[in-house]
Amino acid sequence: MDIEIRKDDLRVTRHQDRASLALDVGQVRLELESFGLSANNITYAVMGDLMNYWSFFPVRDEESRDEWGQMPVWGLGTVSESRTPQVTVGQRVFGYFAFSSELIVTPGRHDESGFS
């Protein structure tokens, strides 16, 4: 489920239930466990176009991207599927997430502390 916000009226939200996308080789699926909302999140939304916050996690529907966006959140997630040997299923990660139930990422750096 994706939670999308109207860029021109932050009081308006919608929930989009979508099927999970298949992973490509090298990608990881993260399930968002918990997240925090603070004044920073409002800043991300208010400054979304000016500071490119809306471009971090664009909505899937390309026709809606001018009107709707996904606000970034800081949260904790769990790797639910991995197509790279350096990241294991069950691994927990803290980071910048889409306001969504899951996020697909392509890890770059891998070391003992995690990945980016």
Side-chain angles (χ1 to χ4, degrees):
M1 172 179 54
D2 296 337
I3 299 173
E4 299 175 352
I5 300 169
R6 262 200 77 95
K7 293 178 180 181
D8 63 352
D9 187 348
L10 304 180
R11 298 170 296 173
V12 179
T13 61
R14 68 182 183 185
H15 300 81
Q16 300 285 51
D17 290 319
R18 296 187 170 102
S20 293
L21 299 172
L23 295 184
D24 291 332
V25 172
Q27 292 185 320
V28 171
R29 184 181 320 279
L30 302 171
E31 288 186 9
L32 184 61
E33 286 182 28
S34 60
F35 60 91
L37 290 177
S38 69
N40 283 344
N41 299 96
I42 302 305
T43 301
Y44 300 153
V46 169
M47 303 296 285
D49 288 321
L50 182 64
M51 301 295 291
N52 292 318
Y53 288 118
W54 294 127
S55 66
F56 291 151
F57 307 109
V59 298
R60 275 202 219 174
D61 179 14
E62 291 184 33
E63 294 175 8
S64 296
R65 287 188 183 158
D66 289 338
E67 295 176 60
W68 295 90
Q70 277 194 290
M71 179 179 63
V73 297
W74 286 95
L76 183 63
T78 301
V79 175
S80 61
E81 184 180 356
S82 178
R83 300 267 331 262
T84 181
Q86 293 87 358
V87 179
T88 58
V89 171
Q91 184 175 344
R92 296 180 81 204
V93 296
F94 174 79
Y96 209 45
F97 285 82
F99 204 8
S100 181
S101 55
E102 67 178 30
L103 176 65
I104 295 174
V105 298
T106 304
R109 177 198 54 81
H110 304 88
D111 61 27
E112 64 281 347
S113 66
F115 62 88
S116 63

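Along the sequence shown, residues are numbered consecutively beginning with 1.
Rounding to the nearest 0.5 Å gives a distance of 4.5 Å between CD of Glu4 and CZ of Arg14. Distance check, rounded to the nearest 0.5 Å: OG1 of Thr43 to CE of Met71 gives 10.5 Å. For the atom pair CG (Leu30) and CD1 (Ile104), the distance works out to 9.5 Å, reported to the nearest 0.5 Å.
Contact of the Arg60 side chain with the Gln16 side chain is not registered, since no non-hydrogen atoms from C-beta on lie closer than 4.5 Å. Residues Leu103 and Leu32 are not in side-chain contact: their nearest non-hydrogen atoms beyond the backbone lie 4.5 Å or more apart. In this structure the side chain of Trp68 never reaches within 4.5 angstrom of the side chain of Thr13, judged on heavy atoms. Side-chain contact check for Val87 versus Pro107: some heavy-atom pair is nearer than 4.5 Å. Leu37 places a side-chain heavy atom less than 4.5 Å from the side chain of Val73.
Sorted by first and then second residue, the salt bridge (charged side-chain N to carboxylate O under 4.0 Å, His left out) pairs with a member in residues 62-78 read Arg6-Glu67; sequence neighbours excluded.
Side-chain N or O atoms of Arg83 include one that pairs as donor or acceptor with a backbone N or O of Leu23 at under 3.5 Å. The backbone N or O of Val28 sits nowhere less than 3.5 Å from a side-chain atom of Ser82 that would complete a donor-acceptor pair.
When all heavy atoms of Met1 and Ser101 are compared, the pair lying nearest together is N-OG, 2.7 Å. Shown here for Asp111 and Arg109, the closest heavy-atom pair between the two residues is OD2-NH1, 2.6 Å.
Annotation: side chain to side chain contact (heavy atoms under 4.5 Å, CB included) contacts of Phe56 (sequence neighbours excluded): Tyr53, Pro72, Tyr96. A search for side chain to side chain donor-acceptor pair (under 3.5 Å) contacts involving Ser100 returns Asp2, not counting sequence neighbours. Contacts of Glu33 classified as side chain to side chain contact (heavy atoms under 4.5 Å, CB included), with partners at least two apart in sequence or in another chain: Leu76, Thr78, Arg92. For Glu102, the side chain to side chain contact (heavy atoms under 4.5 Å, CB included) test picks out Ser20, Arg29, with sequence neighbours left out. Applying the side chain to side chain donor-acceptor pair (under 3.5 Å) criterion to Thr84, with sequence neighbours excluded, gives Gln86.
By the criterion of side-chain heavy atoms lying less than 4.5 angstrom apart, applied directly or through intervening Ile, Leu, Val, Met, Phe, Trp or Tyr residues, Phe57 is grouped together with Phe94 in one hydrophobic cluster. When hydrophobic clusters are built by joining Ile, Leu, Val, Met, Phe, Trp and Tyr residues whose side-chain heavy atoms come closer than 4.5 Å, directly or via intermediates, Val46 is grouped together with Ile3. Met47 is connected to Trp74 through a chain of hydrophobic side-chain contacts under 4.5 Å among Ile, Leu, Val, Met, Phe, Trp and Tyr, so both are in one cluster. Taken together through direct or relayed side-chain contacts under 4.5 Å among Ile, Leu, Val, Met, Phe, Trp and Tyr, Val12 and Val59 form part of one hydrophobic cluster. Residue Val25 is not grouped with residue Val105 when hydrophobic side chains (ILVMFWY) are merged at heavy-atom distances under 4.5 angstrom, including chains of intermediate members.
The ring of Phe99 has its center closer than 6.0 angstrom to the ring center of Phe35. The aromatic ring centroids of Tyr44 and Trp54 lie 6.0 Å or more from each other.
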